[in-house]
Amino acid sequence: MSTAVVWFRKCLRLHDNPALSHACSDPSIDSLLPVFILDPSATGPSFENLGSARLRFLIESLADLDHRLKSKYGGKLLIAQARPLAVFENLVRGHRPGIGLVSSDYCSEPSGRSETAVIQKFFGKHSPKTDVRFHPSTNTLFDLEKTIASPVYKNPKSMRQMESLASSIFGLDGSGFLQLPEPLAEPRGMPPHPEGIGIDSHRSSSFSFHTVRALKQELSSKGFLTPTICTVPFVGGETEALARMKKKVSSQPAFVNAFRKPRTSSTNSPNDPIEPSTTGLSPYLSTGCLSARRIWKEVDHCNRQSNHTKPPESLHGQLLFREMFYLLSRSVVNWDQEDGNPMCKPIDWGDRDEEKLLAWEEGRTGFPYIDAMMRQLETTGWMHHLGRHAVSCFLTRGQLWQHWKHGRDVFGRKLLDSDWALNNANWLWLAGVAPFSMPYFRLYNPCPDGKSSLNVETSTANFIKFWVPELKNFPPRFIYEPHLAPVYVQKKAQCLIGSDYPNPIVDRKKSAKENITKFKLSLAA
DNA sequence: GGATCCGTTGTAGCT
DNA sequence: AAGCTACAACGGATC
């Protein structure tokens with residue numbers, strides 16, 4: 001009699017889940033306990049580290065995982081709200097027949113790696129016969145640890161270097177495609193839930209197991225779970241992830257093969273302020289509802305059918321960028337800091353300006369494009385990639401001259417696709433402090449107008465009016481800088497700038513100029 | 001080893 | 001209207 005504990009960490013799915021597949025195919029295992037641990041020291045006791053949209057998405061993902069385990073294998077997911085160590089201490093102590101296997105997935109973040117080490121150490125000391133496995137994650141294309149340890153590895157700082165690293169690791173087939181490992185299928189069967197481990201069997205002072213349903217009810221009653229709203233196109237879970245991938249990728253070879261990151265400020269699908277114009281798969285990747293290798297293969301399949309765009313701008317390019325950032329986040333020390341981070345130039349960002357930061361976060365800077373983006377982020381957990389560029393440039397080297405870590409923290413809490421490695425990478429990039437950044441003097445205009453390369457499009461004006469309804473009657477020509485509209489126009493639009501909608505908190509041209517100078521001085525210091 | 005090129009996605013103003 | 005140029009000018013890789 002041997003029980004496997006499958007600890008779902010970063011892979012909330014049945015497909016391409018090495019930890020689950022391993023436990024299902026191990027012949028010495030006759031019962032399997034699927035567990036997810038919600039660690040209050042990571043989420044915050046009142047989930048303050050997770051925005052409400054993120055929390056909702058996570059709970060939906062867990063509910064879907066539970067449902068899939070149930071409908072396919074008759075299994076059930078148990079949730080523990082505790083430190084992982086407390087959970088395993090209780091399991092080892094309480095489960096007499098013995099835990100034969102703990103099967104989980106790799107986590108590259110510092111917190112995840114120390115968590116892994118704690119659990120390994122615990123079993124080594126208190127249950128050395130237990131087979132403890134942390135399988136290389138299939139949330140990334142590379143096995144990060146192996147790649148970084150490889151003699152050919154050098155920190156990639158551009159897409160070209162990244163491509164050459166990828167081909168040296170994976171090799172190319174006859175048609176020049178990278179030869180990535182095949183994603184795993186869902187397990188055909190799963191051992192039954194162990195007897196004696198249920199909802200009530202592990203009540204102790206430190207934690208108890210819950211069903212997802214009970215967790216959901218608890219969170220709702222405490223007011224942590226806001227109901228799903230119509231402005232959110234993303235519902236968490238593997239079921240939704242696979243459906244979206246089919247809808248946006250597998251069944252759209254023409255879209256996939258022509259894919260380029262949009263270069264204009266058009267923020268979403270034409271005339272739809274909700275649905276992104278990109279694939280919208282990132283929340284599913286970051287939550288682990290979808291495997292990176294699985295998407296790669298779907299794109300690969302499309303690319304083999306006809307001519308297609310290439311990295312950096314293709315979908316494969318997007319995945320390679322993601323991979324590059326994961327590799328750097330694992331190999332560069334102090335990745336999430338300025339001090340001691342060899343990939344972060346120290347810039348004198350001055351003091352934290354609470355008023356500016358709050359105006360930015362709450363979407364009341366007086367710059368409608370910026371405010372629309374920040375309000376969309378708060379409500380839905382999503383923002384278009386160019387919007388992310390615009391608001392982060394605005395907060396840091398562009399206009400407000402605030403440290404990138406403040407913006408990083410806001411994105412970290414609110415974005416559905418929030419991810420430690422990628423979030424830090426993107427802020428290092430956009431703040432202009434990393435070696436892979438654009439030159440610091442290339443700023444994004446927070447008010448892209450018709451004369452610039454970012455053309456005003458009806459969809460953009462509609463997008464702003466949707467999220468900043470104060471401006472819904474404003475003529476499009478003043479939509480980016482409503483304070484420049486004559487008072488009679490403001491009156492006609494029933495929105496007086498300065499009272500119904502704020503005046504701009506900075507002079508954008510003056511601040512841009514000053515900030516470029518400050519940045520230069522900081523570099524020279 | 002100095003010059004040159006390049007970096008996933010800049011902006012403004014002109015023709 | 002798309003394309004050119006000036007702006008301001010980093011830093012790593014490459015030749």
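Order of the sequence lines fixes the chain letters, A, B, ..., with proteins taken first and strands second; residue numbering starts at 1 for each chain.
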Answer with yes or no whether the side chains of [Y] and [X] bring together a donor and an acceptor at under 3.5 Å.
| X | Y | answer |
| --- | --- | --- |
| A:S286 | A:D417 | no |
| A:R413 | A:N49 | no |
| A:D371 | A:Y501 | yes |
| A:N307 | A:N257 | no |
| A:R322 | A:T140 | no |

How close or far is atom [atom2] of [N] from atom [atom1] of [X], stated in whole angstroms?
| X | N | atom1 | atom2 | answer |
| --- | --- | --- | --- | --- |
| A:I516 | B:dG10 | CD1 | C1' | 10 Å |
| A:R442 | B:dT9 | CZ | P | 7 Å |
| A:N426 | B:dT8 | CG | C1' | 12 Å |
| A:R260 | B:dT9 | CZ | C1' | 11 Å |
| A:M324 | C:dG12 | CE | C1' | 13 Å |
| A:Y440 | B:dG7 | OH | P | 20 Å |
| A:L386 | B:dT8 | CG | C1' | 11 Å |
| A:R322 | B:dT8 | CZ | C1' | 17 Å |

Sidechain N-carboxylate O distance under 4.0 Å for A:E298, A:R304
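The answer is no: the pair does not qualify as a salt bridge.
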Exactly one of A:Y326, A:F411, A:W427, A:F321 should register a side-chain contact (heavy atoms from CB on, under 4.5 Å) with A:L422. Which one does?
A:Y326
Which donor-acceptor pairs under 3.5 Å do side chains of residues 176-186 of chain A form with protein atoms, sequence neighbours excluded?
residue, atom, partner, partner atom, Å
A:E182, OE2, A:K297, NZ, 3.3
A:E186, OE1, A:K72, NZ, 3.3
A:E186, OE2, A:R68, NH2, 2.8

Hunt down any stem DNA chain B takes part in, defined as 3 or more consecutive Watson-Crick or G-U pairs whose two distances are each under 3.5 Å.
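Detected stem regions: B:2-7 with C:10-15, B:10-15 with C:2-7.
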So what does A:F321 hit on the nucleic acid, given a heavy-atom distance under 4.0 Å: a base, only sugar-phosphate, or nothing?
base
Among [options], find the nucleotide with the atom closest to the side chain of [X].
| X | options | value |
| --- | --- | --- |
| A:Y444 | C:dG12, B:dT9, C:dC10 | B:dT9 |
| A:K345 | B:dA12, C:dC10, B:dT8 | C:dC10 |
| A:E313 | B:dT9, B:dA12, B:dG7 | B:dT9 |
| A:H385 | C:dA8, B:dG7, B:dT9 | B:dT9 |
| A:N445 | B:dT9, B:dT11, C:dA8 | B:dT11 |

Show the nearest heavy-atom pair for residues A:F8 and A:R13, with the distance to one decimal.
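So the two residues come closest at CE2-O, 3.9 Å.
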For [N] and [M], measure between their [atom1] atoms and round to the nearest Å.
| N | M | atom1 | value |
| --- | --- | --- | --- |
| B:dT8 | C:dA6 | P | 25 Å |
| B:dG7 | C:dA8 | P | 23 Å |
| C:dT14 | B:dG1 | C1' | 12 Å |

Please work out which residues in residues 153-161 of chain A have a non-hydrogen atom less than 4.0 Å from an atom of DNA chain B and list them by number.
A:S158, A:M159, A:R160
Would you say C:dA9 has OP1 or OP2 under 4.0 Å from some side-chain N or O of A:K520?
yes
Which class fits the ring pair A:W401 and A:W349: parallel under 30°, tilted 30 to 60°, perpendicular over 60°?
tilted
